[in-house]
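Working notes, beginning with the structure itself.
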Amino acid sequence: MAASAVAPTPLLTDELDIIIPTIRNLDFLEMWRPFFQPYHLIIVQDGDPTKKINVPEGFDYELYNRDDINRILGPKASCISFKDSACRCFGYMVSKKKYIFTIDDDCFVAKDPSGKDINALEQHIKNLLCPATPFFFNTLYDPYREGADFVRGYPFSLREGAPTAVSHGLWLNIPDYDAPTQLVKPRERNSRYVYLPPTI
């Protein structure tokens, strides 16, 4: 009889908020439920504050709209941009956690080449907890991954790395281009899943 696999314990559940700017119901959370449910969500509603945003049951969340922002910030409320996803900045302001993960309401869970769902949140957390190597590129990619190391010539004085401040992800389908680049490449799509393990 085979032993059943035990799901890993989610990392940093008490130290991380998930911030979501939105203009629509958050049905997309259902696909993220296995990954997001242990965490606290801060939802910042863009657009009409009288519109009711539905959040699937079972999530721990706070929901803020423009009226809340005006009440909390008073005359300084105009510093929070609206009619774009930058309203998420209010979520950054109200979060009391050490770490923040932010995602748009139209992002879907990607699958690896075998068809398994990718837990992007977990990978970003692991990235943040691992030192960064900002001054040199290590051709084995992640020298801190089990079984890997630094290549010849990498300065010993820099091998402790620096604290990782940001783990920025990319996504499949529409590339994360700035507006001018999107205008000149409107039909470009990214369909290639890339995983770069260290080579030994």
Side-chain angles (χ1 to χ4, degrees), residues 10-110 119-129 132 134 162-186 190:
L11 302 168
L12 304 177
T13 53
D14 295 329
E15 299 180 72
L16 183 138
D17 279 332
I18 298 174
I19 296 176
I20 306 168
T22 191
I23 58 170
R24 57 183 64 91
N25 289 332
L26 295 177
D27 300 330
F28 92 113
L29 285 173
E30 287 300 344
M31 72 181 72
W32 289 98
R33 184 180 291 278
F35 311 128
F36 287 4
Q37 194 163 17
Y39 297 90
H40 177 71
L41 311 180
I42 297 176
I43 301 162
V44 184
Q45 178 181 346
D46 197 2
D48 181 1
T50 64
K51 179 181 176 188
K52 180 169 174 22
I53 298 290
N54 292 317
V55 180
E57 287 192 29
F59 287 95
D60 172 38
Y61 70 92
E62 299 169 65
L63 173 63
Y64 296 94
N65 62 32
R66 191 68 202 182
D67 291 341
D68 298 317
I69 293 168
N70 289 338
R71 177 180 46 78
I72 293 166
L73 295 181
K76 296 181 180 178
S78 63
C79 74
I80 302 297
S81 176
F82 265 76
K83 298 190 177 165
D84 58 38
S85 64
C87 65
R88 79 180 77 232
C89 293
F90 182 77
Y92 299 158
M93 188 192 81
V94 299
S95 175
K96 305 284 189 287
K97 305 287 178 67
K98 181 176 181 178
Y99 300 98
I100 292 173
F101 178 84
T102 186
I103 188 169
D104 289 345
D105 62 6
D106 59 355
C107 291
F108 301 98
V109 175
N119 185 347
L121 172 59
E122 179 183 64
Q123 188 57 57
H124 282 293
I125 291 171
K126 287 178 179 179
N127 292 347
L128 290 169
L129 296 176
T164 301
V166 175
S167 176
H168 184 278
L170 299 175
W171 52 78
L172 298 172
N173 196 17
I174 299 173
D176 187 18
Y177 288 140
D178 54 72
T181 306
Q182 285 181 4
L183 286 172
V184 297
K185 298 181 174 185
N190 175 26

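With hydrogens and angles disregarded, a donor-acceptor distance shorter than 3.5 Å links the side chain of D46 to the backbone of K83. Side chain of Q45 to main chain of L63: no donor-acceptor pair is present (N/O by atom type, distance under 3.5 Å, no hydrogens or angles).
Partners of Y61 by ring-ring contact (aromatic ring centres under 6.0 Å, His included), not counting sequence neighbours: none found. Looking at residues two or more places apart in sequence or on another chain, you find a side chain to side chain contact (heavy atoms under 4.5 Å, CB included) between D84 and S81, A86. Under the rule for a side-chain hydrogen bond (donor to acceptor under 3.5 Å, both in side chains), the partners of T181 that lie at least two apart in sequence or sit in another chain are D178. Listed by chain and number, the residues in a side-chain hydrogen bond (donor to acceptor under 3.5 Å, both in side chains) with T50 are D48 (sequence neighbours excluded). Remark: Q182 engages no residue in a side-chain hydrogen bond (donor to acceptor under 3.5 Å, both in side chains) (not counting sequence neighbours). Looking at residues two or more places apart in sequence or on another chain, you find no ring-ring contact (aromatic ring centres under 6.0 Å, His included) involving F59. Residues passing the side chain to side chain contact (heavy atoms under 4.5 Å, CB included) test with L129 are L12, Y99, I125, sequence neighbours excluded. Taking the side chain to side chain contact (heavy atoms under 4.5 Å, CB included) definition, one finds that N119 meets it with F35, L121, E122, sequence neighbours left out. Residues passing the side chain to side chain contact (heavy atoms under 4.5 Å, CB included) test with F108, sequence neighbours excluded: M31.
Pairing each heavy atom of I18 with each of I103, the nearest pair is CG2-CG2, 4.3 Å. Minimum heavy-atom separation, G91 to V44: N-CG2, 3.8 Å.
Applying the salt bridge (charged side-chain N to carboxylate O under 4.0 Å, His left out) test to pairs two or more places apart or on separate chains, those with a residue in residues 94-103 are D17-K97. Legend: salt bridge (charged side-chain N to carboxylate O under 4.0 Å, His left out) pairs involving residues 21-42, not counting sequence neighbours, sorted by first then second residue: R24-D105, E30-R33. Contacts classified as salt bridge (charged side-chain N to carboxylate O under 4.0 Å, His left out) and involving residues 51-69 (residues at least two apart or in different chains) are given here: D68-R71.
Taking the side chain as every heavy atom from C-beta outward, L29 and I20 approach each other to under 4.5 Å.
The line from OH of Y64 to CD1 of I53 is 16.0 Å long, rounded to the nearest 0.5 Å. Taking CD1 from I19 and OH from Y92, the interatomic distance works out to 6.0 Å, rounded to the nearest 0.5 Å.
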